[in-house]
Amino acid sequence: MKKGNIITSVLVMALSVYVIVTCAGYPTAEAYGTGVPGPGLWPMAVAVCMLLAAISLLIKALRTKKEDDTPIEMWTEGTKRVYITMAILVVYVAVLGIIGFLISTAVMLFIFIQWFGKKKPWITLLISVICTAVIYGVFKFLLNVPVDFGLFYI
Amino acid sequence: MLIEVLQSAFSPMVLLYMVLGVGAGICIGALPGLTATMGVALLLPLTFGMDATSGILMLLGIYVGAIYGGSISAVLLHTPGTPASAATAIDGYEFSKRGEAGRALGIATLGSYVGGIMSCICLWLISPQLAKLALKFSSAEFFLLALFGLCIISNISGKDMAKGLICGFLGILTATIGIDSVTSYVRFSDNVNLLSGVQYIAVMIGLFAMSQAFESIEDIFSKDEVNTKVTRLLPTKEDLKTILRTSSVTGLIGTFIGIVPGAGADIGSFVGYNAARGFSKHPEEFGKGAPDAVAASEGGNNGVTGGALIPMLTLGVPGDAVAAIMIGALTIQGLTPGPMLFQNNKVLVYTIFLGMFVANTIMVLLGFSCIRLFTKVLSVPKTILTPIIFALCVIGSYAMRNNLFDVGVMLLAGIIGYFLGKVKVPTSPAILGLILGPMAEKNFRTALLKSGGSPDVFFNTVICWFFIILIVVSLFGGKIKAFGKKIIKK
């Protein structure tokens with residue numbers, strides 16, 4: 001937990017500093033002449049508060065004694081599975097616009113259900129095709145969402 | 001108007017949508033790993049094509065059903081189906097061990113109903129008055145209200161205040177991306193998809209549905225099995241008395257917790273549980289399967305459902321995460337929650353009130369008649385369900401405005417949400433930030449615009465001072481109390 005807290009606070013601090021620096025470059029109230037704060041004031045104020053919160057988290061984390069610390073399991077069977085899942089989904093979302101909804105979703109479902117469910121491939125194929133068709137049908141015909149995009153236009 | 005309200009709430013289509021919503025909600029709530037927020041976020045796209053009344057009432061049905069449905073797995077599996085039923089699991093499972101699962105489910109069903117009805121009554125009584133008051137608000141008051149809502153983050157973020165605050169600030173900053181509404185200046189990104197801001201429904205689907213699904217991947221191969229049989233569902237006379245006594249009180253408590261921005265049903269059920277233990281004649285039985293414990297927790301969490309709608313409808317401030325999604329649902333329908341809703345869409349508002357009663361009644365009827373069917377839902381394999389949730393998250397965030405960019409935003413929010421969960425950062429403050437941040441900023445600057453830059457505008461009215469006092473109390477209330485105790489001790 002200690003390590004996690006330190007990493008979190010450092011990341012948040014970096015983000016806060018980025019926001020503060022970016023906002024410092026935005027036009028100020030004088031530029032508009034209405035007495036209204038410029039576009040940078042609000043995000044900058046929020047970023048300053050966030051920076052303070054991150055600093056307090058960092059101090060607390062550094063003070064944590066080793067014996068009070070409970071490690072976060074970031075590299076177990078379970079979390080590794082999550083990372084692979086994330087990677088597959090990133091690829092899926094990336095190709096979604098190119099290949100189209102029907103084919104990529106059916107393939108995505110097939111990969112996951114086969115991996116998790118360990119059923120006979122043709123059963124998995126049936127499940128994934130039916131699920132994709134139902135989702136597609138409901139959104140396209142019942143809800144009038146244009147799900148037709150991508151190379152194959154389906 | 002009464003006839004119009006009755007007509008729209010009892011039209012066959014609306015009733016059908018509500019039955020479907022409540023049924024789906026109970027199933028979603030019953031499945032461990034699927035929460036009420038997730039259910040509402042996942043099924044929100046279904047309402048895009050409906051009219052406002054059907055859409056909102058279906059979402060309400062899902063909400064009410066899911067909060068109740070969580071008790072089914074809490075009792076049968078000792079795993080709360082939603083965080084809202086965590087307190088129910090403590091005593092409910094003891095009933096199952098004794099072979100009295102049916103009795104516990106009966107108490108939970110009726111307790112949820114009583115709690116829900118109490119919150120309906122409060123919704124009905126408080127909202128119109130609050131809306132009338134809110135009509136007097138100008139930008140200065142709305143700014144202070146939003147600020148108060150944001151300050152509450154520090155009180156609800158649990159053990160680690162800094163983490164809750166960080167998450168809230170992240171939400172506020174995310175909402176500032178895009179064109180600034182006052183000066184039209186483009187902030188942080190000139191990506192064309194971000195000019196009108198980050199789509200917060202996409203962020204919510206990511207934070208609450210996608211990241212939950214990632215978590216369930218971790219132990220995808222574990223199986224939950226129900227070994228107990230559900231018999232004798234209807235409560236005895238004695239249980240009935242307990243339920244009426246306990247759930248009505250905890251329902252009221254839940255309602256008030258629902259009104260507090262950001263505090264949701266999980267908090268409602270625990271506070272209700274603790275309160276019931278406080279006034280119970282035999283508190284030592286709590287934790288060992290006491291009927292009042294189950295009734296208290298379920299009354300408390302269903303009490304939140306109506307309570308959360310009160311600030312949402314009257315002020316545009318979400319009472320909890322589900323209410324936040326409903327703000328999105330209303331916005332898509334072209335309606336802005338807030339005092340003007342009570343002026344311009346009176347019929348819709350009162351239909352929502354009546355719909356809450358109807359949804360609760362459908363819930364209790366479905367609960368008593370089909371509970372055995374709902375317990376079957378528990379055997380739906382996660383291995384198939386989770387991939388389908390992925391697909392639904394993707395299409396749901398796409399359907400918002402038919403834009404693939406939002407799908408990417410959703411996935412990113414899901415991944416970030418998963419890691420935030422790993423370092424124990426609560427994600428619900430982000431929602432408050434996303435909704436209240438822009439509200440605070442816009443009204444802050446509009447107020448200054450009207451006053452020509454003079455900050456006096458924030459201290460001019462009684463309502464302003466009321467909010468300022470609330471803000472001070474919410475920030476320093478704990479410290480003031482501790483200081484007072486010290487003085488008294490001396």
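Just the heavy atoms: all of them, side chains too, but no hydrogens, waters or symmetry mates, feed the values below. Numbers restart at 1 for each chain; the letters A, B, ... are given by sequence-line order, proteins then strands. Source: prediction; values computed, not measured.
Residues satisfying the side-chain contact (heavy atoms from CB on, under 4.5 Å) criterion with B:Ile471, sequence neighbours excluded, are B:Leu144, B:Leu147, B:Phe148, B:Cys151, B:Leu475. B:Ala329 meets the side-chain contact (heavy atoms from CB on, under 4.5 Å) test with B:Leu44, B:Ile56, B:Leu59; sequence neighbours excluded. Qualifying side-chain contact (heavy atoms from CB on, under 4.5 Å) partners for B:Cys393, counting only residues two or more places apart in sequence or in other chains: B:Leu42, B:Ile205, B:Ala209, B:Met210, B:Ile389, B:Met410.
With a 4.5 Å cut-off on non-hydrogen atoms, A:Val138 touches chain B through its side chain but not through its backbone. For A:Val12, the part lying near chain B is the side chain, with the backbone staying farther off; criterion is any non-hydrogen pair under 4.5 Å. Of the two parts of A:Met50, the backbone and the side chain both hold a non-hydrogen atom closer than 4.5 Å to a non-hydrogen atom of chain B. Contacts of B:Leu170 with chain A are made by both backbone and side-chain atoms, with heavy-atom separations under 4.5 Å. For chain A, the nearby parts of B:Ile388 are the backbone and the side chain; heavy atoms of each come within less than 4.5 Å. Contact of B:Leu411 with chain A is made through the side chain alone, with heavy-atom distances under 4.5 Å. For a residue to count as touching a neighbouring chain, one of its non-hydrogen atoms must lie under 4.5 Å from one of that chain's; by this rule B:Val182 touches chain A with the side chain only. Heavy atoms closer than 4.5 Å to chain A are found in both the backbone and the side chain of B:Phe188. The contact between A:Ile113 and chain B is made by backbone and side chain atoms together, counting heavy-atom distances below 4.5 Å. For chain B, the nearby part of A:Leu41 is the side chain; its heavy atoms alone come within less than 4.5 Å. Both the backbone and the side chain of B:Leu46 come within contact range of chain A, judged by heavy atoms closer than 4.5 Å. Interface residue A:Val93: only side-chain heavy atoms are found under 4.5 Å from chain B. Residue contact with chain B, scored on non-hydrogen atoms closer than 4.5 Å, is absent for A:Ile7.
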I'd like to know whether B:Phe214 forms a side chain to side chain contact (heavy atoms under 4.5 Å, CB included) with A:Leu89, so could you lay out the CA-CA distance, the side-chain angles of the two residues, the decisive distance to 0.1 Å, and finally the verdict. CA-CA 11 Å; B:Phe214 283 141; A:Leu89 283 175; 3.7 Å; yes

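Annotation: B:Phe221, atom CZ; neighbour count of heavy atoms from other residues, nucleotides and ligands within 6.0 Å is above 12.
Atoms CD1 and CD1, from A:Ile127 and B:Ile384 in turn, are 4.0 Å apart once rounded to the nearest 0.5 Å.
Per-residue counts of heavy-atom pairs under 4.5 Å with chain B were compared for A:Gly117, A:Cys49, A:Cys131; the largest is that of A:Cys49. Contacts with chain A were tallied for B:Leu173, B:Leu392, B:Val425, B:Leu448; B:Leu173 has the most, counting heavy-atom pairs under 4.5 Å. Interface summary for chain B: among A:Ala94, A:Pro27, A:Gly4, A:Cys23, the most heavy-atom pairs under 4.5 angstrom belong to A:Pro27.
Side-chain contact between A:Phe112 and B:Ile220 is absent, with no heavy atoms from C-beta onward closer than 4.5 Å. At a threshold of 4.5 Å between non-hydrogen side-chain atoms, the residues B:Phe390 and A:Leu109 do not count as touching.
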Between chain A and chain B, which N or O donor and acceptor atoms come closer than 3.5 Å?
from     : atom 1 : to       : atom 2 : distance (Å)
A:Asn5   : OD1    : B:Lys163 : NZ     : 2.8
A:Tyr26  : OH     : B:Phe188 : N      : 2.9
A:Pro37  : O      : B:Arg445 : NE     : 3.1
A:Pro37  : O      : B:Arg445 : NH2    : 3.3
A:Pro39  : O      : B:Arg187 : NH1    : 2.6
A:Lys60  : NZ     : B:Asp160 : OD1    : 3.1
A:Arg81  : NE     : B:Ile217 : O      : 3.2
A:Arg81  : NH2    : B:Glu218 : O      : 2.6
A:Pro146 : O      : B:Tyr398 : OH     : 2.8

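Listed here is the closest heavy atom pair of A:Ala53 and B:Leu165: CB-CB, 4.4 Å. Considering all non-hydrogen atoms of both residues, A:Leu57 and B:Ala162 come closest at CB-CB, 4.2 Å.
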